[in-house]
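To keep things clear, I will list the structure first and then write my remarks on it.
Below, chains carry the letters A, B, ... as their sequence lines are ordered, and counting in each starts from 1. Because the structure is a prediction, the values reported are computed rather than measured.
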Number of protein chains: 2
Amino acid sequence: MSLAFDRHDHAACRRDALAAAEAVCAERGERLTPLRRRTLEILLESHVALGAYDVLARLAAEGFGSQPPVAYRALHFLVERGLAHRVEGLQAFVACARPGAGPHEAAFVVCRLCRRVAEEPAGAPPPRPDGFAVERRVVEAQGLCAACRDGAGEAP
Amino acid sequence: MSLAFDRHDHAACRRDALAAAEAVCAERGERLTPLRRRTLEILLESHVALGAYDVLARLAAEGFGSQPPVAYRALHFLVERGLAHRVEGLQAFVACARPGAGPHEAAFVVCRLCRRVAEEPAGAPPPRPDGFAVERRVVEAQGLCAACRDGAGEAP
DNA sequence: ACGCACTTGTTATATCGTAACGGTCACGCT
DNA sequence: AGCGTGACCGTTACGATATAACAAGTGCGT
Ligand SMILES: [Zn+2]
Ligand SMILES: [Zn+2]
Ligand SMILES: [Zn+2]
Ligand SMILES: [Zn+2]
């Protein structure tokens with residue numbers, strides 16, 4: 001079952017993710033400030049990946065700063081703590097769908113049309129190093145979700 | 001053995017890749033024009049990933065056009081035919097290290113310092129939700145190569 | 001010669017991301 | 001109270017990556 005493309009209790013997604021965020025920050029003595037919390041809430045509205053400038057526009061409309069670093073800083077904060085992920089293939093950000101795991105890697109299934117992103121537990125450890133120190137993995141499958149193949153670009 | 005990080009006969013890399021490019025184009029009735037060929041040769045100078053603007057600067061210095069579409073079009077041509085790959089994690093391009101395979105997917109091991117890229121055969125297909133039509137996979141491992149861990153940023 | 005597909009070039013603009021600096025506020029210390 | 005200090009947030013300014021739209025040249029079959 002992949003949250004992004006199946007019916008599910010999304011209110012629970014939001015609730016759990018926010019609770020996990022509070023927990024992660026508390027545990028590490030860091031602050032989930034209003035800006036950071038609101039940024040996470042915006043990402044959590046759906047499983048659709050948002051560009052940094054989309055997030056920024058939302059933040060600015062709510063009285064936060066209107067310049068790029070405002071959004072990027074909050075997004076980086078979330079990404080570093082595993083509360084959100086950057087989807088390289090879209091140059092966009094999604095809320096983490098498996099909160100409470102601490103910083104972690106994951107594989108993503110990404111619809112290039114509706115930009116919904118399903119997060120799967122990171123697959124098999126990809127390529128073999130050889131004296132190579134792997135720091136980060138990017139595993140993404142891009143394509144069309146069932147809804148976008150049928151109805152051509154459903155609302156997420 | 002991964003070409004990018006081990007000693008090897010790189011002249012053979014270049015030679016084979018160019019021969020493969022000729023073959024692929026001939027077979028498909030397409031033209032490996034001077035611009036496209038030179039673009040491939042530039043990528044083939046090493047296993048280092050180059051940004052589109054790096055390639056563009058090289059092309060411009062040799063009398064080709066100096067505007068971004070010149071480089072992007074040639075790069076897209078090569079990527080679509082599997083003669084080069086885009087490394088998402090770097091937003092950059094490398095020549096394909098396994099020419100003669102036709103268009104294909106691959107996994108990459110990428111040094112974030114020297115930007116060398118080793119191409120491995122694509123790993124196991126990642127999991128996907130029901131009804132999802134995968135069109136493209138991105139599998140990359142980023143980190144530091146042996147040389148960059150020791151000597152801090154060797155020349156590629 | 002003519003039409004046509006393709007290639008290359010241009011201008012202009014969109015999109016994504018960061019460096020650098022200043023202001024504010026909370027907190028701990030003297 | 002007065003004073004660092006550090007985290008956070010805001011700004012300006014810029015850099016890097018990518019595409020849209022259009023014009024002009026090339027090669028080729030008819
Ligand atoms: Zn959900
Ligand atoms: Zn979709
Ligand atoms: Zn080589
Ligand atoms: Zn390296």
>> Measuring from atom CG of A/L3 to atom NE2 of A/H10, what distance do you get when rounded to the nearest 0.5 angstrom?
In response: 9.0 Å
> Going by the angle between their ring planes, with limits at 30° and 60°, are B/F132 and A/F5 parallel, tilted or perpendicular?
Replying inline: tilted
>> Counting the atoms with a prime plus P, OP1 and OP2 as sugar-phosphate, which does B/R36 contact under 4.0 Å by heavy atoms, base, sugar-phosphate, or nothing?
In response: sugar-phosphate
>> Please report the interatomic distance OG1(A/T39) to CG(A/L83), rounded to the nearest 0.5 Å.
In response: 11.5 Å
> Please give, in whole Å, the distance from D/dT17 P to A/Y72 OH?
Replying inline: 13 Å
>> Distance check needed: C/dG9 P versus B/R38 CZ, whole Å only.
In response: 14 Å
> When the ring planes of A/Y53 and A/Y72 are compared, do they come out parallel, tilted or perpendicular, using 30° and 60° as the limits?
Replying inline: perpendicular
>> Just the rounded figure in Å: distance from C1' of D/dA18 to CG of B/D54.
In response: 14 Å
> Just by modelled atom types, is the B/V110 backbone N or O under 3.5 Å from a matching donor or acceptor in the B/E140 side chain?
Replying inline: no
> Given atom CD of B/Q91 and atom C1' of C/dG17, what is their separation to the nearest angstrom?
Replying inline: 9 Å
> How close or far is atom C1' of D/dC9 from atom CG of A/L32, stated in whole angstroms?
Replying inline: 15 Å
> With respect to the phosphate group of D/dA7, does any side-chain polar atom (N or O) of A/T33 fall under 4.0 Å of OP1 or OP2?
Replying inline: no
> Where the side chain of A/R31 is defined as all heavy atoms beyond and including C-beta, which of D/dA18, D/dA7, C/dA20 is the nearest nucleotide?
Replying inline: D/dA7
>> Check this for me: does the side-chain of B/R73 come within 3.5 Å of the base of C/dG9 through a donor and an acceptor?
In response: yes
>> What verdict does the salt bridge (charged side-chain N to carboxylate O under 4.0 Å, His left out) test give for B/R36 and B/E30, after you've listed the backbone C-alpha separation in whole Å, the side-chain angles of each residue and the deciding distance to 0.1 Å?
In response: CA-CA 11 Å; B/R36 291 166 178 170; B/E30 293 166 322; over 6 Å; no
> Over how many whole Å does the gap from A/L56 atom CG to C/dA14 atom P extend?
Replying inline: 17 Å
>> Rounded to whole Å, how long is the line connecting atom CG of A/L50 with atom P of C/dC16?
In response: 11 Å
>> Can you see whether B/F77 has B/R81 sitting over its ring - NZ or CZ less than 6.0 Å from the centre and within 45° of the normal?
In response: yes
> Got a sec? Which of residues 57-70 of chain A come in under 4.0 Å of DNA chain D, heavy atoms?
Replying inline: A/F64, A/G65, A/S66, A/Q67, A/P69, A/V70
> Do the side chain of A/Y53 and the base of C/dA14 come within less than 3.5 angstrom through a donor-acceptor pair of N or O atoms?
Replying inline: no
>> On DNA chain C, compare the nucleotides closest to B/F77 and A/H76; which residue's is nearer the 5' end?
In response: B/F77
> Could you give the CD-to-C1' distance, from A/E88 to C/dG17, as a whole number of Å?
Replying inline: 13 Å
